[in-house]
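Everything on this sheet refers to the single structure shown next.
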Amino acid sequence: MNEIESNLRQRARSLLAEGKISCFIGWGPTRFPDRALPKFIFKPEEAEQLVYNEHCLNLLAKYTLAFQYSNEVIGLAARGCEARAINRLIADGSLKRDNLYLVGIHCEGMKENGSPAEKCQYCCHRDPVIYDELLGEPAGGPENLPRFAEVEELENMDADARYEYWQGQFAKCIRCYACRNICPACNCLECYTEQYRTGWQGKQANTLENSLFGFTRAYHIGDRCIECGECERACPMDISLMKLNRKLVKDVQELFGGAEAGLSAEDIHALGSYRKEDLEEFM
């Protein structure tokens with residue numbers, strides 16, 4: 001057992017025993033040694049079931065929405081990605097800060113199938129940006145990460161090549177909506193894809209309709225994506241969703257002075273606000 005795992009169990013046990021929280025969300029073991037899954041703990045003695053290791057791939061923040069309409073206080077193990085996702089959910093009005101108790105954890109990055117997880121390779125916020133208590137000391141994150149290297153390759157393609165690339169990607173889509181369901185920025189009470197309105201969004205799993213869904217979803221979260229990479233990790237068809245998301249993140253940062261989602265619960269949507277100094281080269 002590592003130190004963070006030991007401290008996480010102790011804090012979850014204490015918080016539940018003291019009645020400060022009604023549930024603690026962390027990670028638990030599976031029958032596979034290289035897998036961990038989200039774990040809901042309701043009793044102090046259950047805290048021994050919590051784990052923390054390099055296999056804790058799942059982002060936990062969206063599971064708090066199970067208590068969205070409750071006044072209970074929910075405890076959550078929060079790394080950098082969880083903390084940014086929580087800020088996103090609070091800013092969107094989906095959660096209340098007073099109903100959360102965040103136990104912060106510094107993250108060194110996770111592994112998937114024995115290799116560094118793709119979703120963690122470009123993470124520059126390894127420490128939680130919001131927490132009620134922090135296990136250990138902040139350690140900072142790597143600098144000068146090539147976050148947009150793949151985006152720049154895409155931008156260097158001509159229009160026909162880009163079109164063919166994305167047609168090939170969305171031809172694989174089976175419209176399972178795993179990307180939407182796992183994304184902390186996709187938190188609408190009713191998704192437009194499930195509104196049965198003529199001329200709105202077709203239900204066919206074909207390249208045209210898949211592309212419409214994929215690009216619409218990407219634009220919907222364009223200024224709200226926290227780059228957690230959960231959409232691409234959950235996709236069963238290996239679609240390069242983060243390449244599309246990072247393209248929009250890059251554009252938003254360039255157009256709106258380095259705007260970055262999830263760093264504060266008071267975030268104002270870059271695409272939903274107006275300032276006189278905003279760039280207007282596109283007009």
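Positions are given from 1, in the same order as the sequence printed here.
Put simply, the side chain of R9 reaches to within 4.5 Å of the side chain of R13, judged on heavy atoms. Using a 4.5 Å cut-off on side-chain heavy atoms (C-beta onward), C173 and M237 make no contact. Using a 4.5 Å heavy-atom threshold, the side chains of C186 and C191 count as separate. Looking at heavy atoms from C-beta onward, C23 lies out of side-chain contact with E72 at the 4.5 angstrom threshold. Counting only heavy atoms from C-beta outward, the side chains of D132 and R97 approach each other to under 4.5 Å. In this structure, the side chains of E227 and R246 come closer than 4.5 Å at one or more pairs of heavy atoms. Here the side chains of R147 and Q253 are in contact, with some heavy-atom distance below 4.5 Å. V249 has its side chain out of reach of D223: every pair of non-hydrogen atoms, C-beta onward, lies at least 4.5 Å apart.
Ion pairing of K247 with D251 is present here, as a side-chain N (NZ or NE/NH1/NH2) and a carboxylate O approach within less than 4.0 Å. One finds no salt bridge joining K111 and D34 here, because no Lys/Arg side-chain nitrogen approaches an Asp/Glu carboxylate oxygen to under 4.0 Å. Between R11 and E133 there is a salt bridge, since at least one side-chain N of the basic residue sits less than 4.0 Å from a carboxylate O of the acidic one. A salt bridge is defined here as a Lys NZ or Arg NE, NH1 or NH2 lying under 4.0 Å from an Asp or Glu carboxylate O, and R233 with E112 fails to meet this definition.
Note that CG of N245 is 4.5 Å distant from SG of C225, once rounded to the nearest 0.5 Å. Taking CE of M242 as the start and SG of C228 as the end, the distance is 7.0 Å to the nearest 0.5 Å. The structure places NZ of K62 at 6.0 Å from SG of C183, a figure rounded to the nearest 0.5 Å. Atom NZ of K39 is separated from atom CG of L50 by 8.5 Å, given to the nearest 0.5 angstrom. Here the straight-line distance linking atom SG of C179 with atom CD1 of I239 works out to 7.5 Å at 0.5 Å rounding. Between H55 atom NE2 and T30 atom OG1 the span is 9.5 Å, to the nearest 0.5 Å.
With no hydrogens or angles considered, a side-chain donor-acceptor pair links E260 and H125 at under 3.5 Å. Looking at Q10 and S14, their side chains do bring a donor and an acceptor atom within 3.5 Å of each other.
Linking ILVMFWY residues whenever their side-chain heavy atoms come closer than 4.5 Å, directly or via other members, places I86 and Y101 in the same cluster. In the hydrophobic clustering of this structure, I90 groups with L65; members are Ile, Leu, Val, Met, Phe, Trp, Tyr whose side-chain heavy atoms approach within less than 4.5 Å, directly or through other members. Residues L8 and L59 do not share a hydrophobic cluster, defined by chaining ILVMFWY side chains whose heavy atoms lie under 4.5 Å apart. Cluster annotation: I221 is not connected to L244 through the hydrophobic network of ILVMFWY side chains, with a link wherever side-chain heavy atoms come within less than 4.5 Å. In the hydrophobic cluster analysis, where Ile, Leu, Val, Met, Phe, Trp and Tyr join through side-chain heavy atoms closer than 4.5 angstrom, L15 is grouped together with I105.
The backbone N or O of A171 lies less than 3.5 Å from no partner atom in the side chain of N210, so there is not a single donor-acceptor pair. Using a distance-only test at 3.5 Å, with no hydrogens or angles considered, a donor-acceptor pair links the side chain of R224 to the main chain of A185. Panel note: side chain S6, backbone N2; no donor-acceptor pair is recorded below 3.5 Å. Remark: side-chain polar atoms of E46 are paired, donor with acceptor, to backbone N or O of F42 under 3.5 angstrom. Judged by distance alone, with hydrogens and angles left aside, the side-chain atoms of R162 form a donor-acceptor pair with the main-chain N or O of M157 at under 3.5 Å. With hydrogens and angles ignored, the 3.5 Å screen pairs no side-chain donor or acceptor of D92 with any backbone N or O of S94.
In this structure, W27 and Y52 have tilted ring planes: the angle between them lies in the 30° to 60° band.
Listed here is the closest heavy atom pair of L241 and C235: CD1-CB, 4.2 Å. For the pair D127 and G140, the tightest heavy-atom approach, listed with the atom from each and the gap, is OD2-N, 2.6 Å. What you find for V51 and P29 is that their closest heavy atoms are CG1-CD, 3.8 Å. Closest heavy-atom contact between G104 and P128: CA-CG, 3.7 Å. Pairing each heavy atom of P184 with each of I226, the nearest pair is CG-CD1, 4.0 Å.
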Using the rule given for side chain to side chain contact (heavy atoms under 4.5 Å, CB included), can you reason through T64 versus L95, listing the C-alpha separation, both sets of side-chain angles and the distance that settles it, and then say yes or no?
CA-CA 8 Å; T64 58; L95 292 176; 3.2 Å; yes

In sequence, state the C-alpha distance, the side-chain angles, and the governing distance for N99 and F67, and then conclude on side chain to side chain contact (heavy atoms under 4.5 Å, CB included).
CA-CA 9 Å; N99 293 344; F67 304 90; over 6 Å; no

Would you please test W166 and L154 for side chain to side chain contact (heavy atoms under 4.5 Å, CB included) and show each step?
CA-CA 10 Å; W166 288 116; L154 191 66; 3.7 Å; yes

Going through the distances and angles, do F40 and F24 end up as a side chain to side chain contact (heavy atoms under 4.5 Å, CB included)?
CA-CA 6 Å; F40 289 64; F24 188 87; over 6 Å; no

Could you go step by step and tell me if F213 and Y177 meet the ring pair (Phe, Tyr, Trp, His ring centres under 6.0 Å) rule?
CA-CA 9 Å; F213 163 68; Y177 299 130; 5.0 Å; yes

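Of the options E152, E150, E155, a salt bridge (charged side-chain N to carboxylate O under 4.0 Å, His left out) to K250 is made by E155 and by none of the others.
If you look at F215 and F170, their ring centroids are closer than 6.0 Å.
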Identify every side-chain donor-acceptor pair in residues 114-123 under 3.5 Å, counting partners at least two apart or on other chains, and give the distances.
from : atom 1 : to   : atom 2 : distance (Å)
K119 : NZ     : L57  : O      : 2.9
K119 : NZ     : E230 : OE1    : 2.7

Please set out all donor-acceptor pairs under 3.5 angstrom arising from side-chain atoms of residues 73-82, sequence neighbours excluded.
from : atom 1 : to  : atom 2 : distance (Å)
R79  : NE     : E82 : OE1    : 2.8
R79  : NH1    : C56 : O      : 2.6
R79  : NH2    : N58 : O      : 3.1
R79  : NH2    : E82 : OE2    : 2.8
E82  : OE1    : R79 : N      : 3.0
E82  : OE2    : L60 : N      : 3.0

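Residue K172 places its NZ atom among more than 12 non-hydrogen atoms of other residues, nucleotides or ligands, all under 6.0 Å distant. Dense packing is recorded around CD of E18, with more than 12 heavy atoms of other residues, nucleotides or ligands lying under 6.0 Å away. The local environment of OH in Y165 is crowded, with over 12 non-hydrogen atoms from other residues, nucleotides or ligands closer than 6.0 Å.
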